[in-house]
Structure formats: C-alpha cells, structure tokens
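One structure is given below, encoded as structure tokens.
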Amino acid sequence: MAEMFHVGTCPICQEGTLGLRSCGQCEAIAIVCDECDVAWSTPDLSAKPTVSRGADLPCPTCSAPLYAAGSRWATNEEIARRAWLQTAIDAGELKLSKGEAYAPEAN
Ligand SMILES: [Zn+2]
Ligand SMILES: [Zn+2]
C-alpha cells in the first residue's frame, strides 16, 4: 500500500485530505487536494491555489503535471529539507500525519 503525508483537510471543499506532492520537474513540494484538484506552493491555504487543467494538476511552481511520471508523494526527508514546510509544521499551521495515499498514484 502506498503511503503519503497528510497536512489536514482542504479548506476549499472541506472534504479532501491535503497531500504533499513532490514535483518531478522542479522538485518543489506542493500541497494538493485530491477532491477538488487544487495545489498550493506555500502553507497559506487562504491564498488562491493552482487549479487543475483537464486531467492533470499543474505544479504551482513550474506548471509541470503533478500526477505525471516522475512526480510522487514527498518523503519525510524531502519534507524536512523544505524550510517553509518545517516552519509551518513547527508553528502548528500544518498538521503532519501519515496515511494511505490516494489515487492517482503515478509512481
Ligand atoms: Zn479540496
Ligand atoms: Zn514543479
């Protein structure tokens, strides 16, 4: 079973679990919602997110498709290397937990 890190519930649809997706092109980590297909590049979830275009969700940093080959769920080590994520987790703005990854699972 694939696993992913969660950082809470989506403030837009109030249903989706927010996952941390690592972009295969620019290696940025995006916060993504599987239910309403949106992505953020910062912990400010009140900011306007990137929305899906057709079947794919573009990376908020470089616009590469976040569910294409090469992109995957972020690992603990990758999360620890991103100061913006660690700062938000330490401040309690994002609650990090681990659970079952949702589809689509590209890798
Ligand atoms: Zn959502
Ligand atoms: Zn990217």
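Side-chain atoms are counted along with the backbone in the values below, which use heavy atoms only and exclude waters and symmetry mates.
Considering OG of S71 and CD1 of I29, their distance stands at 11.5 Å, rounded to 0.5 Å. With rounding to the nearest 0.5 Å, the separation of CG in L45 from SG in C10 is 8.0 Å. Distance CE/M4 to CZ/R21: 9.5 Å, rounded to 0.5 Å.
Counting only heavy atoms from C-beta outward, the side chains of P49 and I12 approach each other to under 4.5 Å. When side chains are defined from C-beta on, L20 counts as touching I31, because their heavy atoms get closer than 4.5 Å. Considering only heavy atoms from C-beta on, S46 stays 4.5 Å or farther from W40 through its side chain. Using a 4.5 Å heavy-atom cutoff, the side chains of L18 and P11 are in contact. Looking at heavy atoms from C-beta onward, L66 lies in side-chain contact with P60 at the 4.5 angstrom threshold.
Of all non-hydrogen atoms in D34 and D37, the two that sit nearest each other are O-OD1, 3.6 Å. Taking all atoms of both residues into account, the shortest heavy-atom contact from Q25 to A64 is CB-CB, 3.7 Å. Contact detail for C33 and C13: the closest heavy-atom pair is SG-SG, 3.7 Å. Of all heavy-atom pairs between C26 and C23, the closest is N-SG, 3.4 Å.
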For residues 78-90, dump all side-chain donor-acceptor pairs below 3.5 Å to protein atoms at least two apart in sequence or in another chain.
{"residue": "E78", "atom": "OE1", "partner": "R72", "partner atom": "NH1", "Å": "3.3"}
{"residue": "E78", "atom": "OE1", "partner": "T75", "partner atom": "N", "Å": "2.9"}
{"residue": "E78", "atom": "OE1", "partner": "T75", "partner atom": "OG1", "Å": "3.4"}
{"residue": "E78", "atom": "OE2", "partner": "R72", "partner atom": "NH1", "Å": "3.1"}
{"residue": "E78", "atom": "OE2", "partner": "R72", "partner atom": "NH2", "Å": "2.6"}
{"residue": "R82", "atom": "NH1", "partner": "E78", "partner atom": "O", "Å": "3.0"}
{"residue": "R82", "atom": "NH2", "partner": "E27", "partner atom": "O", "Å": "2.4"}
{"residue": "T87", "atom": "OG1", "partner": "A83", "partner atom": "O", "Å": "2.7"}

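Without hydrogens or angle criteria, S52 side chain to L57 main chain gives no donor-acceptor distance under 3.5 Å.
No option in P58, S63, S41 other than P58 meets the side chain to side chain contact (heavy atoms under 4.5 Å, CB included) test with T50.
Every residue meeting the side-chain contact (heavy atoms from CB on, under 4.5 Å) condition with N76, not counting sequence neighbours, appears here in chain and number order: F5.
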